[in-house]
*Asks:* 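So that we are looking at the same thing, I have put the structure below in structure tokens.
Numbered from 1 within each chain, the chains take letters A, B, ... in sequence-line order.
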Amino acid sequence: MKRNLQTYGKISIEKARRAQRLLAEMVIEHDDFKNPPDIIGGVDVSYLGNRAVGVAVLLDFRTLELVEYATAVVDVKFPYVPTLLAFREFFPMAKAILSLKRNADIYMIDAQGRLHPYGLGAACHIGVVLDIPTIGVAKRLLCGTIGARSDDVAPVVLDDKIIGAAVWTGRSKKPIFVSVGHKVSLNTAIRLVKQTTRKGRKLPEPIRLAHSIATRYRSRIR
DNA sequence: GCGACAG
DNA sequence: ATCTTGTCGC
């Protein structure tokens with residue numbers, strides 16, 4: 001894992017797009033991590049006014065039990081702009097991940113991965129910059145069209161290309177959206193999401209716990 | 001120009 | 001994301 005980070009400073013939409021185009025070419029879409037993983041991570045961000053609370057959790061892949069978690073409070077410096085989420089959440093997420101005592105073999109990020117108009121959702125962005133395997137897990141669709149559903153999965157297509165998948169979990173009528181973040185294939189990503197989603201739940205444990213802790217941590221800093 | 005739009 | 005009341009179901 002790369003532990004020397006750089007500051008983006010003030011960045012224009014134009015520069016952000018340029019960065020996305022360059023980083024998008026660096027995304028690795030085949031499995032390149034310990035599979036099956038021993039430890040699987042989850043990352044999420046919550047907000048308290050102008051501060052972001054990043055949370056990274058580590059779970060035992062076999063038992064889905066929490067083994068460690070880290071938090072990071074950061075001042076928000078970038079507005080929420082659809083397709084540019086990474087520029088807002090990179091630091092809180094990265095600082096939380098880098099604060100962990102150990103690393104996960106792969107991390108689920110509460111954001112889109114390749115399922116993004118420029119092929120670089122925040123999950124890919126974090127994965128490429130920190131050089132860690134990541135999976136994008138989102139609750140809503142950002143772009144693309146949901147194709148033919150087969151069992152509990154349907155491809156999400158954009159410009160005749162499969163950029164992610166809609167996955168129906170729990171008894172929710174609405175699916176969650178899974179896509180490649182970095183160093184993982186779409187099929188493996190889908191499988192890992194299913195394997196870490198407890199019976200009846202809509203979200204995989206890594207994401208659910210990270211979200212839960214992020215929300216609870218807010219009352220601790222206000 | 002219009003509508004859509006992760007967290 | 002966050003702000004919010006009640007409500008349905010296990």
*Asks:* Mind checking if Leu84(A) touches a base, just sugar-phosphate, or nothing, with heavy atoms under 4.0 Å?
*Replies:*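 Since a base atom lies under 4.0 Å of Leu84(A), the category is base.
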
*Asks:* Taking atom C1' of dG7(B) as reference, at what distance in whole Å does atom CZ of Phe90(A) sit?
*Replies:*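 Between C1' of dG7(B) and CZ of Phe90(A): 16 Å.
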
*Asks:* In whole Å, what is the span from the CD1 atom of Ile146(A) to the P atom of dC5(B)?
*Replies:*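 Whole-Å distance recorded here is 11 Å.
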
*Asks:* For Leu141(A), which contact category applies under a 4.0 Å heavy-atom criterion: base, sugar-phosphate, or nothing?
*Replies:*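 Result for Leu141(A) = sugar-phosphate.
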
*Asks:* Examine distances only and state if a side-chain atom of Gln112(A) and a backbone atom of Arg140(A) form a donor-acceptor pair shorter than 3.5 Å.
*Replies:*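 Yes: the side chain of Gln112(A) pairs with the backbone of Arg140(A).
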
*Asks:* Quickly work out the Phe177(A) CZ to dA4(B) C1' distance and round it to whole Å.
*Replies:*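 It is 14 Å, rounded to the nearest whole Å.
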
*Asks:* Using a strict threshold of under 4.0 Å (side-chain N to carboxylate O), is an ion pair present between Arg208(A) and Glu205(A)?
*Replies:*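 Salt bridge flag = yes for Arg208(A) with Glu205(A).
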
*Asks:* Check the phosphate of dC5(B) against Arg140(A), side-chain N and O only, distance under 4.0 Å to OP1 or OP2. Yes or no?
*Replies:*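 Arg140(A) to dC5(B) OP1/OP2: no side-chain N or O under 4.0 Å.
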
*Asks:* Does dG7(B) have OP1 or OP2 sitting under 4.0 Å from an N or O in the side chain of Lys139(A)?
*Replies:*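 So the side chain of Lys139(A) is within the cut-off, an N or O lying under 4.0 Å from OP1 or OP2 of dG7(B).
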
*Asks:* Considering only NZ, NE, NH1 and NH2 on the basic side and carboxylate oxygens on the acidic side, decide whether Glu29(A) and Arg114(A) come within less than 4.0 Å.
*Replies:*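 Salt bridge flag = yes for Arg114(A) with Glu29(A).
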
*Asks:* Does the ring of Tyr80(A) lie flat against the base of dG7(B), closer than 5.5 Å centre to centre with planes under 30°?
*Replies:*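 By the stated criterion, Tyr80(A) and dG7(B) stack.
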
*Asks:* For Gln112(A) and dC5(B), give me the distance from atom CD to atom C1', rounded to whole Å.
*Replies:*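 These atoms are roughly 11 Å apart.
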
*Asks:* Arg208(A) has an atom CZ; how far is it from atom P of dG7(B), in whole Å?
*Replies:*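 The answer, rounded to whole Å, is 17 Å.
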
*Asks:* Could you check whether Ala122(A) gets within reach of a base, just the sugar-phosphate, or nothing at all, counting any heavy atom under 4.0 Å?
*Replies:*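 Contact class for Ala122(A): base.
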
*Asks:* Using whole Å, report how far NE2 of His116(A) lies from C1' of dA4(B).
*Replies:*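 Checked: the NE2 to C1' distance equals 14 Å.
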
*Asks:* Just the rounded figure in Å: distance from P of dA6(B) to CG of Leu142(A).
*Replies:*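 Atom-to-atom, Leu142(A) to dA6(B), this comes out as 6 Å.
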
*Asks:* Give the minimum heavy-atom separation between Lys183(A) and Phe33(A), together with the two atoms involved.
*Replies:*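 So the minimum-distance heavy-atom pair works out to O-CD2, 3.3 Å.
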
*Asks:* Write down the distance between CZ (Arg216(A)) and P (dA1(C)), rounded to a whole number of angstrom.
*Replies:*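 After rounding, the gap between these two atoms is 16 Å.
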
*Asks:* Would you tell me if any nitrogen or oxygen in the side chain of His211(A) comes within less than 4.0 Å of OP1 or OP2 on dG7(B)?
*Replies:*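 Answer no for this pair, as no side-chain N or O of His211(A) is under 4.0 Å from OP1 or OP2.
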
*Asks:* Compute whether any side-chain donor of one residue and acceptor of the other, for Tyr47(A) and Glu89(A), lie under 3.5 angstrom apart.
*Replies:*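 Present: a donor and an acceptor within the cut-off.
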
